[in-house]
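Every chain is numbered from 1, with letters handed out A, B, ... down the list of sequences.
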Amino acid sequence: MSEGDTRPTNFIRDIIDEELAAGKHEVIVTRFPPEPNGYLHIGHSKAILTNYSIAQDYNGRFHLRMDDTNPSKEDMSYVEAIINDLTWLGVEWGESLFFASDYYQQLYEWALFLINECRAYVDDLSLEEMKEYRGNLTEPGKNSPYRDRGVEENLDLFAKMKNGEYEDGAKVLRAKIDMAHPNLNMRDPVLYRILHHNHYRTADEWCIYPMYDFAHGQGDAIEGITHSICSLEFENHRPLYDWFIENLPVPSKPRQIEFSRLNLTHTVMSKRKLLALVEGGYVNGWDDPRMPTLIGYRRRGYTPESIHEFSKRAGVTKQNQVIDISLLDFCLRQDLELKAMRRMAVLDPLKVTITNFPEGEVEWYEGPNHPGIESFGTRMVPLTRELYIERDDFMEDPPRKYFRLAPGREVRLRYACYITAKEVVKDEDGNILEIIAEFDPESRGASTLDGRKVKGTIHFVSASENVPLEVRMYDHLFLNEDPEADGDFIQNLNPDSLKVITAYGEPELKGAKLGDPIQFERKGYFSIDPDSSEEMIVFNRTVGLRDSWGKKQRK
RNA sequence: AGCCCGAUGGUGUAAUUGGCAACACAGCUGGUUUUGGUCCAGUCAUUCUAGGUUCGAGUCCUAGUCGGGCUGCCA
């Protein structure tokens, strides 16, 4: 990010500024608390980056904490995947990698504390009974018959829960708050449940596990988190978050602040829906370049910088935001424009023969690797008698303002020379097979002394001096801006979201490496896919170039 | 229906805290150009509604309307 970049201002930073002015904090500490049960997506990156950028800008600390309180869903492989994604994003947490499971003992002791304070009790109600007793949105709940057990009995029962004397679901530990509270989260929430399940870190050490609400805020307090920044759906949990902080002897008093999640047009974001895409075989796994997962974007050739910029531009508020995916495209192009080496590749080849060009000869022309950045250097591009141009760069009967090749018309072959179309070769069905052309020997180097204007410049690849490529062309996964506008998002899947084509690239492409951003001139930004092999280089289209001509044509 | 939250162009975010509604994306026009790219210029709003306070309201007050979240032993 450049030096001139201004720091974002938002309501959370305003709060921090006020608290800092009032001398409330010495350092600002934020955190990202994923549950290791799935892959991170672009929505998470907003949470990651707003937390991280605040820690950075205030010279504070950023913690990564695995919120692993549910052994039935979590797994070490997800921990590793999350760490990889954050590392790729360029986020650093130093020594501050924590696990909620590291706090199990402390949390257990705090549960005992609440029991001793008569603020927690063991409840024998079944799942169904608890639901009944809870009441609903409009009606208050009623007290469990087990609510008034004595401290000693509760201590004894809770110890037995911990010792594995009961089956899953037989009993829970609940906070004693208020069964008539208008906020359902305050109606004696469950603190601990019995789960005879091996935990990926603590193995069989525990058979009772704390609930999110009982673990999260206390974890924050243990780590000295000053601002526990999370998404809007936890808003109703804040009174409970605060209740624990007030009623437990915790070492610090973190503050939870909620902001709205990020949504993107033409995209689904929930873990459930993403999983349905993977399991239904609609995409080729979590790292499919069409997925909004970080692992998918990385494979597709997105840069971490573009995601930082996007996240910054999205902003932080409490309004429900649905951001136009074109903003992400913009951030990507803006970054790639400055980083990508320029190369030529023909994606939909049409053969051209230059009749006055000597057979079997190869002329090499020098072209800059970037039109505006000299330090990128140059590379040599071969011109031969037979070559390929893009099929839509020739029209037999061109409309107004078509600047490309047409019968009798002259265009510039980028970096090489001017050619004029002389003849069109067709098959019996009228399909164009080949263009017969002539070049102007005086135009070698792609300009002439007479200074005549050639409006069109097209790219080309030699028919003999080239490298074949497999190119995967991606489009929106969903047709509608809102994939669920007409109901089921699966019905809205774009059947053309992936098109695999065979293309020809200039020889220099043989040297391309995984991760190199490349622009196929006039076509878009591309990057090598890990599926590439000795036999075939595979490219993903990261994003197309802006295309004002194509846009005009489609109308 | 109860509780909580939100409402500024097509989209997202601003507005010195009561003083000419700004920036960006998208769209549209034009200019430059060996990428129909990049770059540059122009254009695009009765601040959800109705009342009120005030010299002056996006901002304050009142009443409504619309949208989102919450009834897991998930996070």
Side-chain angles (χ1 to χ4, degrees), chain A residues 8-10 33-35 37-38 67-70 72-74 100 123 125-127 130-131 134-141 168-174 181-187 189-195 208-209 211-213 215-216 230-239 258 260 262 265 271 312-331 333-334 337-338 342 344 367-368 370-372 401-404 412-416 418 445-447 454-459 481 519-524 544-553:
Chain A
T9 138
N10 58 51
E35 184 187 13
N37 74 339
D67 224 346
D68 52 359
T69 54
N70 186 353
S72 68
K73 293 185 175 174
E74 299 144 5
D123 197 348
L125 249 31
S126 71
L127 215 62
M130 251 186 83
K131 189 174 174 166
R134 186 160 36 233
N136 56 41
L137 263 17
T138 50
E139 289 160 29
D168 287 5
K171 285 177 169 45
V172 292
L173 183 72
R174 303 178 73 176
H181 199 108
N183 181 336
L184 288 296
N185 294 128
M186 300 296 273
R187 319 243 261 229
V190 172
L191 269 31
Y192 271 92
R193 76 283 214 186
I194 301 170
L195 227 46
I208 55 171
Y209 291 92
M211 299 289 290
Y212 162 84
D213 284 308
H216 196 90
C230 63
S231 49
L232 242 30
E233 70 263 34
F234 293 104
E235 226 163 5
N236 294 333
H237 291 249
R238 182 160 22 97
E258 314 83 16
S260 57
L262 175 145
T265 57
K271 207 171 275 180
K312 188 171 159 185
R313 283 170 179 261
V316 178
T317 64
K318 300 183 83 157
Q319 275 141 261
N320 299 313
Q321 56 175 207
V322 183
I323 299 183
D324 198 313
I325 196 153
S326 64
L327 181 63
L328 217 206
D329 293 344
F330 168 81
C331 293
R333 291 191 188 110
Q334 182 183 247
E337 158 68 19
L338 298 171
R342 309 301 147 115
M344 293 197 289
H370 191 289
K401 291 195 170 175
Y402 183 83
F403 305 141
R404 285 111 97 148
R412 174 186 293 112
L413 292 182
R414 191 149 164 89
Y415 309 127
Y418 298 170
S447 63
V454 176
K455 183 72 179 166
T457 298
I458 65 175
H459 62 279
E481 279 198 5
Q519 184 193 107
F520 290 169
E521 298 205 61
R522 303 209 302 137
K523 285 292 156 188
L545 256 24
R546 274 187 67 213
D547 181 15
S548 47
W549 170 250
K551 208 169 280 168
K552 199 177 283 182
Q553 290 307 289

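No salt bridge links A:Glu35 with A:Lys73; every basic N to acidic carboxylate O contact stays at or beyond 4.0 Å.
Using a 4.0 Å heavy-atom cutoff across all strands shown, A:Tyr415 reaches at least one base atom of the nucleic acid. If you check every strand for non-hydrogen atoms under 4.0 Å, A:Phe520 touches nothing. Using a 4.0 Å heavy-atom criterion, one finds that A:Arg187 contacts no nucleic acid atom at all. Among the protein residues, A:Ala314 comes within range of the sugar-phosphate backbone only, with heavy atoms under 4.0 Å from sugar or phosphate atoms but none that close to a base. At the heavy-atom level, A:Pro140 lies nowhere under 4.0 Å from the strands shown. Within the 4.0 angstrom heavy-atom criterion, only backbone atoms of the sugar-phosphate kind lie near A:Phe330; the bases stay farther away. Across all strands shown, A:Lys523 has no heavy atoms under 4.0 Å from either base or sugar-phosphate atoms. At a threshold of 4.0 angstrom between heavy atoms, the contacts of A:Gln519 include nucleobase atoms, whether or not backbone atoms are also involved. Within 4.0 Å (heavy atoms only), A:Arg414 reaches at least one base atom of the nucleic acid.
Under the rule for a ring-ring contact (aromatic ring centres under 6.0 Å, His included), A:Tyr402 has no partner lying at least two apart in sequence or in another chain. Take A:Ser447 and apply the side-chain contact (heavy atoms from CB on, under 4.5 Å) test, not counting sequence neighbours, and it matches A:Tyr418. Residues meeting the side-chain hydrogen bond (donor to acceptor under 3.5 Å, both in side chains) test with A:Thr138, sequence neighbours left out: A:Asn136. Scored by the side-chain contact (heavy atoms from CB on, under 4.5 Å) test, A:Thr265 finds A:Val322, A:Asp324, A:Ile325, A:Glu481 as partners (sequence neighbours excluded). Every residue was checked against the ring-ring contact (aromatic ring centres under 6.0 Å, His included) condition with A:Phe330, not counting sequence neighbours, and none meets it. Residues that satisfy the salt bridge (Lys or Arg N to Asp or Glu O under 4.0 Å) test with A:Arg342, not counting sequence neighbours, are A:Glu337. For A:Asn183, there are no side-chain hydrogen bond (donor to acceptor under 3.5 Å, both in side chains) partners at least two apart in sequence or on another chain.
The structure places CD of A:Gln553 at 10.5 Å from OG of A:Ser548, a figure rounded to the nearest 0.5 Å.
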task = Treat primed atoms plus P, OP1 and OP2 as sugar-phosphate and everything else as base, then score nucleotides 40-48 of chain B 5' to 3': B for base contact with protein heavy atoms under 4.0 Å, S for sugar-phosphate contact only, - for none.
result = ---------
Contact letters for nucleotides 68-75 of chain B, in which S counts primed atoms plus P, OP1 and OP2 and B counts the base, heavy atoms under 4.0 Å = SBSBSBSB
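Regarding the sugar-base torsion, B:U17 falls in the syn class, its angle being within 90° of 0. In textbook terms, a nucleotide whose glycosidic angle is within 90° of 0 is syn, and B:G72 is one such case.
A:Arg546 has a side-chain polar atom (N or O) that falls below the 4.0 Å cut-off from OP1 or OP2 of B:U38. Within the 4.0 Å cut-off from OP1 or OP2 of B:G36, not a single side-chain nitrogen or oxygen of A:Lys552 is found.
Taking a pair as Watson-Crick or G-U with both hydrogen-bonding distances under 3.5 Å, the stems of three or more pairs touching RNA chain B are B:2-7 with B:65-70, B:10-13 with B:22-25, B:27-31 with B:39-43, B:48-52 with B:60-64.
Relative ring orientation between A:Tyr212 and A:His216 is described as tilted, the plane-to-plane angle lying within the 30° to 60° band.
Separation of the C1' atoms belonging to B:G19 and B:U11 is 29 Å when rounded to the nearest angstrom.
For A:Lys131, the NZ atom counts as loosely surrounded, since its 6.0 Å shell holds 12 or fewer non-hydrogen atoms of other residues, nucleotides or ligands.
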Polar atom pairs between nucleotides 9-11 of chain B and protein, under 3.5 Å, N or O only, would you list them?
| residue | atom | partner | partner atom | Å |
| --- | --- | --- | --- | --- |
| B:U11 | O3' | A:Val322 | O | 3.3 |
| B:U11 | O2' | A:Val322 | O | 3.2 |

Any N/O pairs under 3.5 Å between the protein and nucleotides 57-60 of chain B? List them or say none.
none

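With B:C5, B:U35, B:A26 as the choices, the nucleotide that has an atom nearest any side-chain atom of A:Arg522 turns out to be B:U35. With B:A14, B:U38, B:G36 as the choices, the nucleotide that has an atom nearest any side-chain atom of A:Thr317 turns out to be B:A14. Closest to the side chain of A:Glu521, out of B:A24, B:G2, B:U35, is B:U35.
Side-chain atoms of A:Arg333 and base atoms of B:G37 include no donor and acceptor less than 3.5 Å apart.
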